[in-house]
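Atom set for the values below is all heavy atoms of this structure, side chains included, hydrogens, waters and symmetry mates excluded.
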Amino acid sequence: MLYLIATWLATPFLYLRLALASRNRGQPLQILVIQTAKIGDMVCTTPIFREIKRNRPNSKLVVLCSPITAPLLAHNPHVDTVLAFDTKSLAGLRGKLRFTRFLRAKRIDIVICVSPNLAFLLAPLWAGIRIRASVLPNFFGATYSLAKPLLTLRMKHKQGRLFIDTVFLLLERLGFNIKETHKEVYTSPQAEEKVAEILNVSPSTNLVGVGISSGNKLKALTKETLAELIRLLLTRPSCDVILLGSSDDNPLGELLKKDLAPSRIMNAAGMLSLQELPALIKRLTLYVGVDSGITYLADALDIPVIDIMGPADPEDQRPTGRKAQIIRTELPCAPCSHAFRAPYHCKIKTRACVVNLQAADVLKRIPDFR
């Protein structure tokens, strides 16, 4: 709040500087998109990179993101510069001033903030950026209320509207014409070769990916549910299972493989980088997982997806591909996890929306393989 009060006190000087400043003529328009959320959120944001470049083909598009998601953009043809940024570095006045100097050094003309926090709302004004646009949370208090007049444009997210649609509305207010909304992911040049080394299945085999992890453990399936789901999948003829997750999930993958059917289960958890993983996902007949990053990678690649939402709010964000199916548990407390309010612990301490899931109900959604 101290930084916000100081900014309001300094507004006469800040706005006078804006009025006197002039953009360098002849230089490409520099557009910065701030998206520091997790993998699934970044995948859902990819349409805006394409649409920005389609509308402003001569602009330079810079994306500021988490170090975790930066590899997703390494081969995206619509992004000119990827800046991996740890939001912890914003702490204190020194961190905020360092970020302000960075914005000025990059000579940014337009900031579009998809992951708002106070520093991302204030620093562009401190840096003298003329157009400062941001999505605003649908859950916020006095701080955001006082900060929003300092923006050039803002679009408040609303319950019942997909978050990406809120971003599209913001872009339209900035003068961008949105034509296509599909998500995109790109792989590294060596990805196919590495995937070929991992896979050892017949071309006629139906390869089903099962997600065994979640960035938010509130959403994660139990080991027992995963084991039952895999067991039922393996009753299908010509079906093998490949387990997907992070390197931290590899031990769980090994346990599941050992306990069930070692010859028909592959454990690929942690074996591929985020730049390589899409090449493996493209080989799947189906992907089954909770509402996490890999689910959205599969959806972007038009792979049939079964998304077990658990506590997540499908009205905020969900797979939107034509082959996606959503599984929800009807409970009074669900959904409790939203785009701008995501708990990491179950308030009723049971995780009933995940624990009560029956693997047989998931299997009913899976078409017969040929």
Side-chain angles (χ1 to χ4, degrees), residues 192 194-215 217 219-272 276-299 301-310 319 321 323-329 351 353-370:
E192 297 287 348
K194 188 164 183 180
V195 168
E197 295 173 359
I198 294 173
L199 294 182
N200 183 25
V201 294
S202 165
S204 62
T205 300
N206 292 292
L207 190 60
V208 177
V210 175
I212 61 173
S213 71
S214 172
K217 298 307 178 185
K219 302 177 183 179
L221 297 177
T222 65
K223 178 177 179 291
E224 293 73 23
T225 299
L226 285 168
E228 180 61 17
L229 175 60
I230 294 167
R231 189 178 293 111
L232 290 173
L233 283 169
L234 292 177
T235 64
R236 298 292 183 95
S238 303
C239 172
D240 281 2
V241 168
I242 186 163
L243 307 178
L244 302 178
S246 68
S247 56
D248 291 339
D249 304 303
N250 190 274
L252 172 60
E254 289 301 304
L255 283 174
L256 290 167
K257 179 178 177 180
K258 178 182 176 182
D259 293 345
L260 295 168
S263 64
R264 296 180 60 193
I265 298 174
M266 287 173 282
N267 177 22
M271 294 183 66
L272 295 169
E276 298 163 339
L277 186 57
L280 172 57
I281 293 173
K282 285 192 290 187
R283 304 284 293 274
L284 301 180
T285 304
L286 171 73
Y287 178 78
V288 182
V290 299
D291 194 70
S292 63
I294 300 177
T295 301
Y296 288 94
L297 288 172
D299 186 52
L301 293 165
D302 201 31
I303 300 299
V305 167
I306 297 178
D307 183 0
I308 301 166
M309 296 298 296
K323 300 176 183 177
Q325 298 185 64
I326 306 297
I327 292 182
R328 289 187 57 197
T329 303
R351 292 204 315 128
C353 60
V354 175
V355 173
N356 292 353
L357 176 76
Q358 298 297 311
D361 293 334
V362 179
L363 201 71
K364 292 175 184 176
R365 303 288 192 100
I366 298 174
D368 291 331
F369 298 130
R370 297 183 182 274

- prompt: Heavy atoms, side chains only, cut-off 4.5 Å: are Thr222 and Arg351 in contact?
  reply: yes

- request: Measure the CG-CZ distance between Leu256 and Arg231 for me, rounded to the nearest 0.5 Å.
  value: 9.5 Å

query: Got Val305 and Lys323 here, is their nearest side-chain heavy-atom distance under 4.5 Å?
result: no

Distance, nearest 0.5 Å, that separates NZ of Lys194 from CD of Glu276: 4.0 Å

- prompt: Quick one: does Ile366's side chain get under 4.5 Å of Ile306's, heavy atoms only?
  reply: yes

message: How about CZ on Arg283, more than 12 heavy atoms from neighbouring residues, nucleotides or ligands closer than 6.0 Å, or not?
response: no

- prompt: Short question: side chain of Ser292, backbone of Gly215 - any donor-acceptor pair under 3.5 Å?
  reply: no

query: Is a side-chain N or O of Thr295 found less than 3.5 angstrom from the main chain of Val290, in a donor-acceptor match?
result: yes

field: Interatomic spacing from OG in Ser238 to CG in Leu207 - rounded to 0.5 Å
entry: 12.0 Å

query: Of all residues at least two apart in sequence or in a different chain, which pass the side chain to side chain contact (heavy atoms under 4.5 Å, CB included) check with Gln358?
result: Asp361

field: Considering all heavy atoms, the nearest Lys217-Ser213 contact
entry: NZ-CB, 4.5 Å

query: Checking Asn250 side chain against Gly270 main chain: does a donor-acceptor pair fall under 3.5 Å?
result: no

Heavy-atom closest pair, residues Ala268 and Leu280: CB-CD2, 4.2 Å

query: If you round to the nearest 0.5 Å, how far is CE of Met271 from CE of Met266?
result: 10.0 Å

task: Please round to the nearest 0.5 Å and tell me the distance separating atom CG of Leu260 and atom CG of Leu233.
output: 10.5 Å

field: Distance (rounded to the nearest 0.5 Å) between Asn206 CG and Leu286 CG
entry: 9.5 Å

task: Could you note down all residue pairs passing salt bridge (charged side-chain N to carboxylate O under 4.0 Å, His left out) where residues 252-263 supplies at least one of them, sequence neighbours left out?
output: Lys223-Asp259

field: Atom of Ala261, atom of Leu234 and distance for their closest heavy-atom approach
entry: CB-CD1, 3.7 Å

- request: Any chance you could lay out the side chain to side chain contact (heavy atoms under 4.5 Å, CB included) test for Thr285 and Ile303, step after step, and finish with the verdict?
  value: CA-CA 7 Å; Thr285 304; Ile303 300 299; over 6 Å; no

query: Does any non-hydrogen side-chain atom of Val208 lie less than 4.5 Å from one of Tyr287?
result: no

- request: Kindly indicate whether the side chain of Val288, heavy atoms from C-beta on, has any atom under 4.5 Å from the side chain of Ile308.
  value: yes

- prompt: Does the side chain of Tyr296 come under 3.5 Å of the side chain of Asp291 through a donor N or O and an acceptor N or O?
  reply: yes

- prompt: Is the backbone N or O of Ile326 less than 3.5 Å from a side-chain atom of Arg365, with the two atoms forming a donor-acceptor pair by type?
  reply: yes

message: Please find the pair of heavy atoms, one from Pro319 and one from Asp299, that lie closest to each other, and give the distance.
response: CA-OD2, 3.3 Å

message: Just so I know, are the side chains of Ile327 and Met309 near enough to count as touching, which here means a heavy-atom distance under 4.5 Å?
response: no

statement: Shortest non-hydrogen pair, Thr329 vs Cys353, comes out as OG1-O, 2.9 Å

message: Is there a side-chain contact between Leu252 and Leu226 in this structure, where contact means two heavy atoms from C-beta onward sitting under 4.5 Å apart?
response: yes

Would you list the atom pairs, donor with acceptor, under 3.5 Å between side chains in residues 240-248 and any protein atom, with sequence neighbours excluded?
from   : atom 1 : to     : atom 2 : distance (Å)
Asp240 : OD1    : Arg264 : NE     : 3.4
Ser246 : OG     : Asp248 : N      : 3.4
Ser246 : OG     : Asp249 : OD2    : 2.8

Side chain proximity check, Ile212 to Leu221, heavy atoms < 4.5 angstrom: no

